[in-house]
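Have a look at the structure below before the remarks.
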Amino acid sequence: MLKNFAIQNQSLTHQVDVEKHKNERAERLMIEQSRLAIMGEMIGMIAHQWRQPITVIGMLTNNALLDIELGELKMDQLVEDLESIDKQVHFLSRTIDDFRNFFRPNKLPQSITLGEIENELMTIVGKSFENNRISLIFEGDKNTHLVTYKNELLQVFLNILNNSKDAFLENRTISPTVCIYLNEAEDKLHFLITDNGGGINADVLTHIFEPYFSTKSEKNGTGLGLYMSAMIVEKHLHGSIGVCSENSTSTFTIIVPKTIDEKGHDVY
Ligand SMILES: Nc1ncnc2c1ncn2[C@@H]1O[C@H](COP(=O)(O)OP(=O)(O)O)[C@@H](O)[C@H]1O
Ligand SMILES: [Mg+2]
């Protein structure tokens with residue numbers, strides 16, 4: 001009797017282990033997929049950043065070639081053009097570095113101010129927002145600082161900003177605007193991110209943090225952005241994330257501790 005019980009118990013433990021591993025595998029797969037989705041969106045942003053410098057380089061080389069053909073090449077003009085090309089090439093290479101740094105998850109919490117968050121986000125989405133005539137406004141004390149996993153926090157902002165951009169494009173919003181407000185409350189910081197992109201219907205609102213939930217076509221949405229964002233905020237940043245929608249606006253709230261006091265861990 002006792003032996004039977006022990007065997008039963010062992011098989012139950014084994015079953016629990018199997019299920020646990022299955023869950024872990026599924027979670028890892030989801031994280032991978034969502035990273036790929038974010039990378040896809042980033043490539044779109046790099047394309048925006050690169051459009052202008054590539055046009056300039058093309059124009060300068062064509063002009064120089066034409067001058068050579070017409071026998072009108074002036075050395076000082078050529079030197080000036082080559083210097084301009086060199087400057088543009090530096091810009092292209094710096095963009096790649098910015099994006100690459102962004103993709104390295106932080107191993108330790110870092111100190112960052114609202115001003116720095118603004119600068120980092122502008123570096124990444126600035127051009128793409130500008131090309132789509134979207135205003136991005138930051139409100140709050142620019143010197144407020146927090147100690148957190150910086151890149152993870154930025155990734156969450158980026159997911160939310162990308163969704164706002166999608167909503168603006170889908171609804172052809174007039175004067176598309178995203179506001180990021182920062183409030184301090186005791187040992188926590190509250191970020192409110194509001195857009196006027198049409199809002200989110202109540203029946204959609206209850207599902208948006210679920211994995212694979214998307215109202216977009218397969219090409220445009222994986223449904224993993226907000227699921228991943230919630231996971232990052234809750235599991236890695238020790239905070240919480242919420243959403244509400246009224247009067248054709250959507251507002252995401254992220255509450256994070258001012259300081260994450262940790263020795264560091266491997267993220268992903
Ligand atoms: N700012 C927003 N305005 C309108 N709808 C939104 C907004 N943010 C999220 N959503 C809705 O939430 C869904 C899930 O978002 P997300 O998890 O990022 O997946 P995806 O963007 O791939 O669809 C979107 O498909 C969209 O319907
Ligand atoms: Mg998204």
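Ligands are counted one by one from 1 in listed order, and the atoms in each one are counted from 1 as well.
Under 4.0 angstrom from ligand 1, the non-hydrogen atoms of Phe252 all belong to its side chain. Contacts with ligand 1 closer than 4.0 Å are made by side-chain heavy atoms of Asp195 only, the backbone lying farther away. Residue contacts with ligand 1, taken as heavy atom pairs separated by less than 4.0 Å, involve Ile200 solely via side-chain atoms from C-beta onward.
Smallest separation of non-hydrogen atoms from Leu60 and Ser84: CD1-CB, 3.5 Å.
Not one N or O of Ala167 is nearer than 3.5 Å to an N or O of ligand 1, by distance alone. At a 3.5 angstrom cut-off on N or O pairs, Leu226 counts as close to ligand 1. The shortest N or O to N or O distance between Thr215 and ligand 1 is below 3.5 Å. Some N or O of Ser214 is nearer than 3.5 Å to an N or O of ligand 1, by distance alone.
At distances below 3.5 Å, not a single donor-acceptor pair connects side-chain atoms of Thr249 with backbone N or O atoms of Ser245.
Nearest protein heavy-atom contact of atom 11 (C) of ligand 1 is Ile208 CG2, 3.9 Å. Of all protein heavy atoms, the one lying nearest to atom 14 (C) of ligand 1 is Phe213 O, 3.4 Å. What sits closest to atom 19 (O) of ligand 1 on the protein, heavy atoms only, is Gly223 CA, 3.2 Å. Counting protein heavy atoms only, atom 18 (O) of ligand 1 is closest to Asn163 ND2, 2.9 Å. Among all non-hydrogen protein atoms, the one lying nearest atom 21 (O) of ligand 1 is Lys216 NZ, 2.6 Å.
Contact annotation: Gly197 has no heavy atom less than 4.0 Å from any atom of ligand 1.
Side-chain contact of Asn159 with Ser229: a donor-acceptor pair under 3.5 Å is present, judged by distance alone.
The only option from Glu116, Glu120, Gln155 that meets the side-chain hydrogen bond (donor to acceptor under 3.5 Å, both in side chains) definition with Lys150 turns out to be Glu120.
Aromatic rings from His207 and Phe213 are positioned such that their centres are separated by under 6.0 Å. Between Tyr227 and Tyr212, the distance from one ring center to the other does not fall under 6.0 angstrom.
Counting the atoms of ligand 1 from 1 in the order shown, those under 4.0 Å from a heavy atom of Ser250 are 1 (N), 2 (C), 3 (N). Counting atoms of ligand 1 from 1 in the listed order, those under 4.0 Å from a heavy atom of Gly199 are 4 (C).
For the atom pair CD of Glu72 and CG of Asn63, the computed distance is 11.5 Å after rounding to the nearest 0.5 Å.
For Lys142, the side-chain hydrogen bond (donor to acceptor under 3.5 Å, both in side chains) partners two or more places apart in sequence, or in a different chain, are Glu118. Scored by the side-chain contact (heavy atoms from CB on, under 4.5 Å) test, Lys258 finds Glu184, Leu189 as partners (sequence neighbours excluded).
Contact check on Lys216 versus Asp166 returns a salt bridge, with a Lys/Arg side-chain nitrogen under 4.0 Å from an Asp/Glu carboxylate oxygen.
The Mg ion (ligand 2) has an N, O or S atom of Asn163 inside 2.8 Å of it.
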